[in-house]
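Here the structure is laid out as structure tokens; the discussion comes afterwards.
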Amino acid sequence: MDHRRKRAQTNYAALFNRSRGHVPDVYGIRTRATAWMHQQQLKEEQEEDDDDDDDGDVVRLSDTAAAARYLIANAIAPQHRMSPVARRIPPMCAIHQIYSMLPGDNTTIDREMRALVAEGSWRKFHVAGTLEDELMVMRTEDYLASIESAKEEYAHDKEEDAVSPDVFDRFKDIVRDPKHRDLTLTRSVLEGFHEKEIRRLVNSNLILPHSRMLDTYWFAVRNNGLFMSSYRKGRVDMLRTLKKRRTKDILEKLLKEKKLKSTLFSHDFILHDLVGSGRAQDTHG
């Protein structure tokens with residue numbers, strides 16, 4: 001419909017202006033991200049057109065959700081995307097990476113992310129190996145898929161006297177429950193689970209005992225150790241490259257030619273981490 005296409009274009013223009021911000025795009029990554037988000041916005045609008053024949057308001061993909069989806073979709077470097085190890089990397093990104101993509105409006109990003117978590121489409125996680133305020137985000141459907149994957153692996157390998165695989169289905173019910181969308185859950189939430197079942201969830205890396213709060217568990221992400229290992233190695237590689245040159249032109253050339261040998265992640269993904277976390281400054285040139 002013409003009026004919806006026009007609305008999509010208007011939404012994109014606002015997104016483009018916002019994502020440009022006042023910080024120079026010296027690495028060229030924000031331009032690529034904005035183009036990708038434009039495509040996602042138009043896709044969302046088209047899906048609404050296909051599913052809705054009335055003239056009601058279209059629910060637009062928020063800037064924060066679009067940015068997070070871009071980061072996750074482009075996290076793995078192209079040369080690694082088909083590798084078995086890369087396929088095990090959990091599909092998540094850090095909130096501070098979104099700050100890098102949409103600079104100057106962290107308050108809006110935080111508000112939009114809270115709304116996404118409250119509606120149940122996204123979840124926040126504290127991942128081992130990060131600072132306390134460096135939270136990761138993942139789409140709820142991806143987290144539920146990881147629980148199903150854990151169930152399938154367990155059902156294939158479990159011993160005869162082990163707990164029933166339905167423990168994973170009951171844990172899914174907790175994840176879907178609007179009352180349990182925080183970073184943690186208490187032992188009382190797991191009241192219907194006996195100790196062997198709780199140990200199974202811990203061993204499957206779906207919950208993790210809290211080190212400072214008694215009878216409390218973090219919601220955990222499977223294979224987060226694999227994610228963080230590659231993440232940290234990418235930081236080291238990229239920081240080593242950034243320290244060698246200061247000027248914009250030389251830096252961009254180096255970034256295009258320099259291979260990140262120790263990480264599965266793309267240059268863009270690591271740069272958004274460094275800039276968003278303040279480990280590198282997007283103010284060269």
[X] side chain vs [Y] backbone, donor-acceptor pair below 3.5 Å:
X	Y	answer
Ser204	Arg200	yes
Thr130	Val127	yes
Asp142	Met138	no
Arg232	Arg235	no
Thr263	Ser230	yes
Asp177	Asp173	no
Glu152	Ser149	no
Ser229	Gly225	no

Using side-chain heavy atoms (C-beta onward) and a distance below 4.5 Å, is [X] in contact with [Y]?
X	Y	result
Arg139	Arg123	no
Leu264	Val85	yes
Ile109	Thr64	yes
Val189	Tyr217	no
Met228	Met136	yes
Leu71	Met101	yes
Leu274	Leu239	yes
Val167	Leu201	yes

How far apart are the closest heavy atoms of [X] and [Y], and which atoms are they?
X	Y	answer
Val175	Ile147	CG2-CD1, 3.9 Å
Ala220	Tyr143	O-OH, 2.9 Å
Ala162	Tyr154	CB-OH, 2.8 Å
Phe269	Met92	CZ-O, 3.7 Å
Ser277	Glu134	CB-OE2, 4.0 Å
Ala67	Ile98	CB-CG2, 3.9 Å

No-hydrogen, no-angle side-chain donor-acceptor test under 3.5 Å, [X] and [Y]:
X	Y	value
Ser100	His272	yes
Ser121	Thr140	no
Ser266	Asp268	no
Asn224	Tyr231	no

What about [X] and [Y], same hydrophobic cluster or not, with Ile/Leu/Val/Met/Phe/Trp/Tyr joined at side-chain heavy-atom distances under 4.5 Å?
X	Y	value
Phe125	Val202	yes
Phe265	Val236	no
Leu135	Met213	no

message: Quick check with a 6.0 Å cut-off and a 45 degree axis cone: is Arg170 positioned over the face of Phe193's six-membered ring?
response: yes
With rounding to the nearest 0.5 angstrom, report the [atom1] to [atom2] distance, [X] to [Y].
X	Y	atom1	atom2	value
Asp215	His210	CG	NE2	12.5 Å
Leu260	Met238	CG	CE	4.5 Å
Asp110	Asp105	CG	CG	9.5 Å
Leu131	Asp133	CG	CG	6.0 Å
Leu190	Phe171	CG	CZ	7.5 Å
His180	Asp182	NE2	CG	10.5 Å

task: Determine, stepwise, if the pair Leu116 / Ser62 fulfils side-chain contact (heavy atoms from CB on, under 4.5 Å).
output: CA-CA 9 Å; Leu116 292 167; Ser62 74; 4.0 Å; yes
- prompt: Crowded around His194 NE2? As in, over 12 foreign heavy atoms under 6.0 Å?
  reply: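 Check passes, neighbour count above 12.
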message: If you apply the rule side-chain contact (heavy atoms from CB on, under 4.5 Å), what do you find for Arg187 with Leu214, and how did you get there?
response: CA-CA 9 Å; Arg187 181 63 180 85; Leu214 186 64; over 6 Å; no
field: Step-by-step salt bridge (charged side-chain N to carboxylate O under 4.0 Å, His left out) determination, Glu119 to Arg181
entry: CA-CA 9 Å; Glu119 74 182 22; Arg181 289 175 178 163; over 6 Å; no
- prompt: By side chain to side chain donor-acceptor pair (under 3.5 Å), which residues pair with Glu153, not counting sequence neighbours?
  reply: Arg222
Residue pair Arg240, Asp237: steps toward the salt bridge (charged side-chain N to carboxylate O under 4.0 Å, His left out) verdict: CA-CA 5 Å; Arg240 186 180 296 118; Asp237 277 359; 3.3 Å; yes
message: Apply side-chain contact (heavy atoms from CB on, under 4.5 Å) to residues Ile207 and Leu185 and explain how you reach the verdict.
response: CA-CA 9 Å; Ile207 60 174; Leu185 70 164; 4.0 Å; yes
With Lys151 via salt bridge (charged side-chain N to carboxylate O under 4.0 Å, His left out) - residues at least two apart: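 Applying salt bridge (charged side-chain N to carboxylate O under 4.0 Å, His left out) to Lys151 gives Asp169.
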